[in-house]
Peer 1: 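The structure that follows is given in the form of structure tokens.
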Number of protein chains: 2
Amino acid sequence: MPEAESRSHPPGPVPRLPRDEVRRRLLAAAGRVFAERGYADSKLEDIARAAGFTKGAVYSNFGSKQELFAAILTERSEAELFGVMAGLDAAADVPAFIEQAARAVARRIIDDTERGRLGLEIATRALHDEETGAVVAPMRRAQRAAAGQAVRAVTEHAGTTPPVDPELAGTILHCLTNGLAMEHLVDAEGVDSDTAERALRAVLGWLTEEADK
Amino acid sequence: MPEAESRSHPPGPVPRLPRDEVRRRLLAAAGRVFAERGYADSKLEDIARAAGFTKGAVYSNFGSKQELFAAILTERSEAELFGVMAGLDAAADVPAFIEQAARAVARRIIDDTERGRLGLEIATRALHDEETGAVVAPMRRAQRAAAGQAVRAVTEHAGTTPPVDPELAGTILHCLTNGLAMEHLVDAEGVDSDTAERALRAVLGWLTEEADK
DNA sequence: GGTATCCAGTACCCATCGGTATCGAGATCG
DNA sequence: CGATCTCGATACCGATGGGTACTGGATACC
């Protein structure tokens with residue numbers, strides 16, 4: 001846990017944390033708390049405490065609860081696209097790629113629950129808050145496009161003609177992934193790691209194989 | 001709109017609405033408001049007003065805000081499975097069935113936004129409220145199973161061997177549908193009626209065609 | 001070393017809203 | 001036609017928690 005400058009009181013002046021570090025810790029704690037309790041039930045006091053500070057630190061670094069949430073949103077959105085690309089270009093042949101991609105995505109769905117929970121919270125908030133929605137919509141669009149590009153790259157590399165055009169394939173993959181993640185959150189044992197992986201492998205395989213017209 | 005017993009004051013005694021009707025109107029209004037504003041931002045006063053009553057009516061018919069929400073949940077969950085089944089047994093041959101099913105589901109995703117919004121709200125709440133989760137998880141499981149049964153019925157009827165087993169097919173369809181619905185809510189123009197329909201038609205077609213091993 | 005500035009801590013404010021107590025009109029019963 | 005009961009309306013309570021004003025110690029600057 002975040003014990004830091006304990007050592008009781010050797011009465012030398014206690015140094016101060018760099019501002020960036022305070023901000024980072026607040027952001028990390030906010031991510032955890034928002035994911036755990038949801039936006040409305042997350043108290044700023046709790047978030048500050050979880051980061052080892054008080055509400056004062058929050059208002060010193062963020063203008064409002066809303067703004068803190070938005071900061072998380074933009075922070076995480078960047079890490080997002082890289083994550084998809086990471087699993088992309090490591091494999092050589094198509095079946096190995098599919099195997100690897102399915103496993104990686106399934107693992108992320110199952111293991112990183114904070115990610116999924118935050119995603120749901122963000123989507124929910126995007127519905128009720130116009131400003132959030134304006135940020136989220138293009139972000140999702142980029143994710144769908146990235147998935148589509150991945151399909152295009154694989155099929156071009158393999159010289160196959162996929163059963164649907166890559167753009168639609170990206171949408172299918174993206175929505176399936178999100179749907180699986182949501183389903184896992186709601187019914188963890190009903191949709192476990194193996195189920196998610198098999199589902200992704202099957203769809204991924206279908207989307208990259210030669211269409212039999 | 002809900003104008004009813006206007007006619008100013010012809011001073012005869014004003015009759016009283018049947019209790020069931022009060023409950024129905026409250027439930028309907030609550031569904032609208034919860035879907036529109038989300039659980040936390042929905043004030044009981046607003047819900048009551050939207051139904052043409054006051055908070056007193058709410059607490060006379062429901063024990064708490066939580067309980068009102070739960071009542072909606074159970075009410076809607078029943079209408080759910082019938083809706084899936086309805087489009088099922090009308091068509092004769094497989095291609096026509098797929099065409100029809102894809103269109104019906106896509107239309108529900110696009111047109112009935114209250115349904116989608118409530119679904120998201122319910123999922124979010126299921127994460128944070130154990131009791132809600134205990135209701136939602138089996139409900140989702142039943143929906144996946146129903147979708148799986150539909151695939152099984154179609155392929156058996158057509159005598160084909162599907163590329164994945166029906167249970168997994170049900171999960172894929174259910175998660176894709178939910179994912180598409182969520183995506184439409186977040187980015188309505190990015191995932192429109194046509195996109196959803198094409199995605200569903202493609203996946204439905206793949207899942208019911210003969211597997212080319 | 002003295003002074004100005006920064007920034008998180010502390011104490012407080014107050015709007016909000018779920019929940020409760022009570023009332024009174026109208027239904028129900030004898 | 002009273003007596004009683006039902007149930008939604010009204011008025012109110014009190015906790016909660018986002019936001020603000022101010023404090024004081026540490027840092028930066030001269």
Side-chain angles (χ1 to χ4, degrees), chain A residues 2 4-7 9-30 33-34 36-72 125 128-129 131, chain B residues 2 4-5 7 9-30 33-34 36-72 125 128-129 131-132:
Chain A
E5 27 58 50
S6 350
R7 209 64 57 183
H9 288 259
V14 180
R16 195 194 273 178
L17 243 47
R19 187 135 223 267
D20 279 0
E21 181 60 20
V22 174
R23 191 186 156 94
R24 287 164 62 91
R25 292 192 189 182
L26 283 172
L27 234 36
V33 175
F34 279 140
E36 185 63 31
R37 307 227 233 277
Y39 182 82
D41 287 345
S42 296
K43 304 143 191 40
L44 288 181
E45 182 61 44
D46 292 352
I47 292 173
R49 268 248 165 59
F53 302 100
T54 66
K55 228 173 21 169
V58 174
Y59 278 97
S60 174
N61 285 276
F62 305 93
S64 65
K65 187 181 186 181
Q66 185 64 237
E67 201 172 293
L68 171 59
F69 189 77
I72 291 180
R125 239 191 121 52
H128 309 310
D129 176 57
E131 198 173 339
Chain B
E5 25 61 48
R7 209 65 58 183
H9 288 259
V14 180
R16 195 193 272 178
L17 241 49
R19 191 154 170 76
D20 279 0
E21 180 60 21
V22 174
R23 190 186 156 93
R24 288 165 60 91
R25 291 193 190 180
L26 283 172
L27 235 35
V33 175
F34 279 140
E36 185 62 31
R37 311 218 179 132
Y39 182 83
D41 287 345
S42 296
K43 303 137 188 48
L44 288 180
E45 183 62 42
D46 291 351
I47 292 172
R49 269 252 161 60
F53 302 100
T54 67
K55 226 173 22 169
V58 174
Y59 278 97
S60 174
N61 285 276
F62 305 93
S64 64
K65 187 182 187 180
Q66 183 65 236
E67 200 172 293
L68 171 60
F69 189 77
I72 292 180
R125 236 188 124 51
H128 309 310
D129 176 57
E131 199 173 337
T132 305

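In what follows, chains carry the letters A, B, and so on, assigned in the order in which the sequence lines appear, proteins first and then strands, with residues in each chain numbered from 1.
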Peer 1: Just the rounded figure in Å: distance from P of C:dC7 to CZ of A:F53.
Peer 2: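 In whole Å, C:dC7 P lies 13 Å from A:F53 CZ.
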Peer 1: With sequence neighbours excluded, tell me which residues meet side-chain contact (heavy atoms from CB on, under 4.5 Å) with B:S64.
Peer 2: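 So B:S64 forms a side-chain contact (heavy atoms from CB on, under 4.5 Å) with B:Q66, B:E67.
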Peer 1: Using the ring-ring contact (aromatic ring centres under 6.0 Å, His included) criterion, which residues pair with A:F69? Sequence neighbours excluded.
Peer 2: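 Listed in chain order: A:F34, A:Y39.
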Peer 1: Measure from the side-chain heavy atoms of A:V22 and tell me the nearest of C:dG18, C:dG9, C:dA8.
Peer 2: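 Taking heavy atoms from C-beta onward, the closest nucleotide is C:dA8.
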Peer 1: The criterion is side-chain hydrogen bond (donor to acceptor under 3.5 Å, both in side chains); which residues satisfy it with A:S60, sequence neighbours excluded?
Peer 2: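 A:S60 satisfies side-chain hydrogen bond (donor to acceptor under 3.5 Å, both in side chains) with A:R19 only.
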Peer 1: Could you tell me the separation between the CD1 atom of B:I47 and the C1' atom of C:dC17, rounded to a whole number of Å?
Peer 2: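 B:I47 atom CD1 is separated from C:dC17 atom C1' by 12 Å.
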Peer 1: Who pairs with B:R24 by salt bridge (Lys or Arg N to Asp or Glu O under 4.0 Å), at least two apart in sequence or on another chain?
Peer 2: B:E21
Peer 1: Under a 4.0 Å heavy-atom cut-off, which of residues 57-64 of chain B touch DNA chain C?
Peer 2: B:Y59, B:S64
Peer 1: Nearest-Å distance, CG (B:L44) to P (C:dG18)?
Peer 2: 4 Å
Peer 1: Establish whether the base of C:dG18 is bridged to the side chain of B:K55 by a donor-acceptor pair shorter than 3.5 Å.
Peer 2: yes
Peer 1: If you take all heavy atoms of A:G38 and A:S42, which pair is closest and at what distance?
Peer 2: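 Nearest heavy atoms, A:G38 then A:S42: O-OG, 2.6 Å.
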Peer 1: Roughly, in whole Å, what's the span from CD in A:E45 to C1' in D:dT20?
Peer 2: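 Rounded to whole Å, this separation is 15 Å.
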Peer 1: Go nucleotide by nucleotide along DNA chain D from the 5' end; which of A:G56 and A:S42 gets its closest nucleotide reached first?
Peer 2: A:S42
Peer 1: Apply side-chain contact (heavy atoms from CB on, under 4.5 Å) to B:A71 and list each qualifying residue two or more places apart in sequence or on a separate chain.
Peer 2: B:R23, B:L27, B:F62
Peer 1: If you take all heavy atoms of A:I47 and A:L26, which pair is closest and at what distance?
Peer 2: CG2-O, 4.1 Å
Peer 1: Could you name each residue pair satisfying salt bridge (charged side-chain N to carboxylate O under 4.0 Å, His left out) that touches residues 47-59 of chain B, not counting sequence neighbours?
Peer 2: B:E45-B:R49
Peer 1: Working to the nearest 0.5 Å, report the span between NZ of A:K43 and NZ of A:K65.
Peer 2: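 Taking NZ in A:K43 and NZ in A:K65, the distance rounds to 7.5 Å.
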Peer 1: Using five pairs at each end of the helix from C:dG1-D:dC30 to C:dG30-D:dC1 to define an axis, what is the angle between those two axes, to 10°?
Peer 2: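 Angle reported: 20°, given to the nearest ten degrees.
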Peer 1: Are there any protein N/O atoms within less than 3.5 Å of an N/O atom in nucleotides 27-30 of chain C, and if so, which ones and at what distance?
Peer 2:
unit_1 : atom_1 : unit_2 : atom_2 : d
C:dA27 : OP1    : B:R16  : N      : 3.0

Peer 1: Taking CD from A:E21 and C1' from C:dC7, how many angstroms apart are they, rounded to a whole number?
Peer 2: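 Going from A:E21 (CD) to C:dC7 (C1'), I get 16 Å.
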Peer 1: Could you pull out all residues at least two apart from A:R37 that satisfy side-chain hydrogen bond (donor to acceptor under 3.5 Å, both in side chains)?
Peer 2: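 In terms of side-chain hydrogen bond (donor to acceptor under 3.5 Å, both in side chains), with neighbours along the sequence ignored, A:R37 is linked to A:D46.
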Peer 1: Could you pull out all residues at least two apart from A:D41 that satisfy side-chain hydrogen bond (donor to acceptor under 3.5 Å, both in side chains)?
Peer 2: none
Peer 1: Specify the separation, in whole Å, of atom CG of B:L26 and atom C1' of D:dA9.
Peer 2: 13 Å
Peer 1: Going by side-chain hydrogen bond (donor to acceptor under 3.5 Å, both in side chains), name the residues that satisfy it together with B:T132, two or more places apart in sequence or in a different chain.
Peer 2: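 With sequence neighbours excluded, B:T132 shows a side-chain hydrogen bond (donor to acceptor under 3.5 Å, both in side chains) to B:D129, given in chain and number order.
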Peer 1: Taking only the side-chain nitrogens and oxygens of B:R19, find out if one of them lies under 4.0 Å from OP1 or OP2 of D:dG8.
Peer 2: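 Answer is yes, contact under 4.0 Å.
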Peer 1: Could you tell me the separation between the CZ atom of B:F34 and the P atom of C:dG18, rounded to a whole number of Å?
Peer 2: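 From B:F34 CZ to C:dG18 P: 9 Å.
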Peer 1: Measure CD/B:Q66 against C1'/C:dC17 and give the value in whole Å, please.
Peer 2: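 Taking CD of B:Q66 and C1' of C:dC17, I get 16 Å after rounding.
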